[in-house]
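This report refers to the structure that appears directly beneath it.
All chains are named by letter (A, B, ...) in the order of the sequence lines, taking the proteins before the strands, and each is independently numbered beginning at 1.
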There are 2 protein chains.
Amino acid sequence: MEVYNISTIKDVAKYTGLSIATISKYINGGNVLDENKKIIQEAIEALDYKRNEMARGLKTNKTMTIGVLLPSLENIFFTSIVSIIEGILQEKGYGTIICDFKEDKELEHTKLEFLINKHVDGIIMVSYSGEKKHIQSLIDKKIPVILLDRMIRGLDCDIVIADNLNASYQAVEELIMRKHKRIGIICGPENTYTADERRKGYIRVHEDYNVEIDEELIKNADYTVVSGYKALIDLWNMDKRPSAVLVTNYEMTIGAIMAINDLNITIPNQLSLIGFDNIQMARIVRPPLSIVEQPMKEIGETAANLMLKRLSDDYSDFPSTYRLKTKVHIKESVSTNI
Amino acid sequence: MEVYNISTIKDVAKYTGLSIATISKYINGGNVLDENKKIIQEAIEALDYKRNEMARGLKTNKTMTIGVLLPSLENIFFTSIVSIIEGILQEKGYGTIICDFKEDKELEHTKLEFLINKHVDGIIMVSYSGEKKHIQSLIDKKIPVILLDRMIRGLDCDIVIADNLNASYQAVEELIMRKHKRIGIICGPENTYTADERRKGYIRVHEDYNVEIDEELIKNADYTVVSGYKALIDLWNMDKRPSAVLVTNYEMTIGAIMAINDLNITIPNQLSLIGFDNIQMARIVRPPLSIVEQPMKEIGETAANLMLKRLSDDYSDFPSTYRLKTKVHIKESVSTNI
DNA sequence: TTGTAAGCGTTATCAG
DNA sequence: CTGATAACGCTTACAA
């Protein structure tokens, strides 16, 4: 059995005795006599004809590939999403060119240009730079762009994100309901969309429950393991320690746990802890870690289907914002405060 | 500034007053008068000309994209490798179409066909099915294929793998040197290359050190979390328990740790443990977990560079096998046996 | 319904 | 060294 095939429309035409144009019409769902349809189908199978996307693309200006641009391929949050996206798009015949920009804003731009040069039909991306200019120029040219995870303000663009604000709201709410009054939060960098939202949720739930906020309990770290480690130590060294801490991304959660181990803090007796993102990790630490889980599967599905919609030139609801719900899993790492 | 550009060679020709053929020659490094070179370069920059890979591909039968086919995008071992590969190939102008086959052998075939239909210039893949047929037909057609992680016996193909045999050899050696005599191993499925190799390493080191092997201590699981969980429980329930266990992949390591937590086993007093693959995980469990680390970065670099070599039609050392060294990190999860 | 033919942007051959 | 020109495989008016 031959897998790799090089027969062309021309071959199919010869085989059937019909013209190239007729074959092309058949392939693209045009009107062809039922009789001929059968013959053509037979020929296609016999010759194992596959249309050459390159030649097609030259005419139609479509490459049948979607660019996916991510901050990192070593982050399970992003790769889970991209796995879903790839699966859905592939079913519709689209390939996905995946690039990661190693969390480097310069590289983000370079890779975006690379994708554009590759003439991808659409781009799904997580932007760290928040550069409106380039993205806008794509949208203007009707190249569909779908933003993931982070919003870019002042840009009319389709976007699929988690409900970051309510994610931290609900996590902290669980703590408040368990009588915690001094709750620490380890946030991402200021002026970063996800971090700002998660910070807002923390503040809002305090207001809603009339719990006083101590600004000292809000630590701005930078989403790295090291920063999470330091932030937890800072919180622990406060004169008036928190009785619970929410860490707002995966890397910082790792760091926080390392700090807790080094400081020999007993969870949850001395400190209650809620982490973020990686459910698997939550199962191996002891006691089991409470986690805010983002809906990776849904995010991927929504983004892929929205892309497909735009690709079929349906802009009826443009620009759309999908803000998907997160889920808080409370485990033994959280105790009721005495 | 325009990012998306549609000027063609024709435009450059008009701009410079030269012919299309001359421009093309310049672009492809042919002989052109120095004087004209300058003019052309100027025009290219002024018009921000980028060559259309689709049109080029139609002529040259090259797409400047490499297909990467993986069992899963949710496995940090694979995504780390692919991240490296993508970076290197991208620098040389190659895009990478990444597919995952969700550890499903049927899908593996489907996705491979998909990549072939996309006319990728080369394929880097991890095969679970071990299907020689399709891969051989690619090689016959001079489509470079590079296998990762798993060998396919009886197939002359470039391959980049970790030294699985010595990985487990060295891990068990560390245990033997610490006076462990009854060492359990949780292996992957039989007839799976990596699993078989790791099993062999276990056996060979026992032989080399003259330690008797109890077949009961060799558990064949299937690389999943659940199977790792069960295998550890089985080992623990033996009449003559092992004093140490080596778990031979990431997922099963997770499972083993969960079992250890559920059984309330004290590490390393009651049991010494060595896991596999994920260094980050090792840092958050308590006590810190000893780990066999595979050289992901090297694997990715080697594979990408070998692909580049084949792409430039250098088959001087075909077929090459790169067997890269792993590293054992011994931490507190391993004790010296009394 | 079917066929003819032009053209998408390149590269490659062959004269000049 | 440079320039016409014919492919590459496909889509798409337009004509039959």
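For the OP1/OP2 pair of D/dT11 and a distance below 4.0 Å, the side-chain nitrogens and oxygens of A/R51 include at least one atom meeting the criterion. Of the side-chain N and O atoms in B/S19, one or more sit less than 4.0 angstrom from OP1 or OP2 of D/dG3. OP1 or OP2 of C/dC8 has not a single side-chain nitrogen or oxygen of A/N61 nearer than 4.0 Å. Using a 4.0 Å cut-off, some side-chain N or O of B/T22 falls inside it from OP1 or OP2 of D/dG3. Between A/Y26 and C/dG3 there is no side-chain N or O to OP1 or OP2 distance below 4.0 Å.
Between the CG atom of B/L58 and the C1' atom of C/dT11 there is a distance of 10 Å, rounded to whole Å. A straight line from CE of B/M54 to P of D/dC10 spans 15 Å, rounded to a whole angstrom. Whole-Å rounding puts the B/I27 CD1 to D/dG3 P distance at 14 Å. D/dT11 atom C1' lies 13 Å from atom CG of A/N52, rounded to whole Å. Between A/K25 atom NZ and C/dT4 atom P the separation is 11 Å, expressed in whole Å. At whole-Å resolution of the value, NZ in B/K59 and P in C/dA12 are 7 Å apart. Straight-line distance from the CG atom of B/N31 to the P atom of C/dT11: 16 Å, rounded to whole Å. At whole-Å resolution of the value, CD1 in B/I9 and C1' in C/dT11 are 8 Å apart.
Residues B/R150 and B/I161 have side chains not in contact (no heavy-atom distance under 4.5 Å, counting atoms from C-beta outward). Using a 4.5 Å heavy-atom threshold, the side chains of B/T96 and A/I98 count as separate.
In this structure, B/Y128 and B/F101 have perpendicular ring planes: the angle between them is above 60°, well past the 30° mark.
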Legend entry - Test side chain to side chain donor-acceptor pair (under 3.5 Å) applied to B/S19 and B/T22, step by step: CA-CA 5 Å; B/S19 79; B/T22 307; 3.1 Å; yes
Legend entry - A/K37 and A/E42: CA distance, side-chain angles, deciding distance, salt bridge (Lys or Arg N to Asp or Glu O under 4.0 Å) verdict: CA-CA 8 Å; A/K37 275 187 187 170; A/E42 245 175 63; over 6 Å; no
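Listed nucleotides D/dA13, D/dC10, C/dT11 differ in distance to B/R56; the shortest reach to its side chain belongs to C/dT11. For B/T60, whose side chain is taken as the heavy atoms from C-beta onward, the closest listed nucleotide among C/dG3, C/dT1, C/dT11 is C/dT11. Here D/dT11 is the nucleotide among D/dC1, D/dT11, D/dC8 with the atom lying nearest to any side-chain atom of A/I20. When distances are taken from the side chain of A/T8 to each of C/dT2, D/dC8, D/dG9, the shortest belongs to D/dG9. Among the nucleotides D/dT11, C/dT2, C/dT11, the one closest to the side chain of B/S24 is C/dT11. Of all nucleotides listed (C/dG9, C/dT1, D/dC10), C/dT1 comes nearest to the side chain of A/N36.
Each end of the helix from C/dT1-D/dA16 to C/dG16-D/dC1 gets its own axis from five base pairs, and the two axes differ in direction by 40°, given to 10 degrees.
In terms of modelled atom types and a separation under 3.5 Å, the side chain of A/D104 and the main chain of A/L107 share a donor-acceptor contact.
For A/K325, the NZ atom sits in a packed shell: over 12 heavy atoms of surrounding residues, nucleotides or ligands are nearer than 6.0 Å.
Judged by a 6.0 Å distance limit and a 45° cone about the ring axis, B/K10 is not positioned over the six-membered ring of B/Y15.
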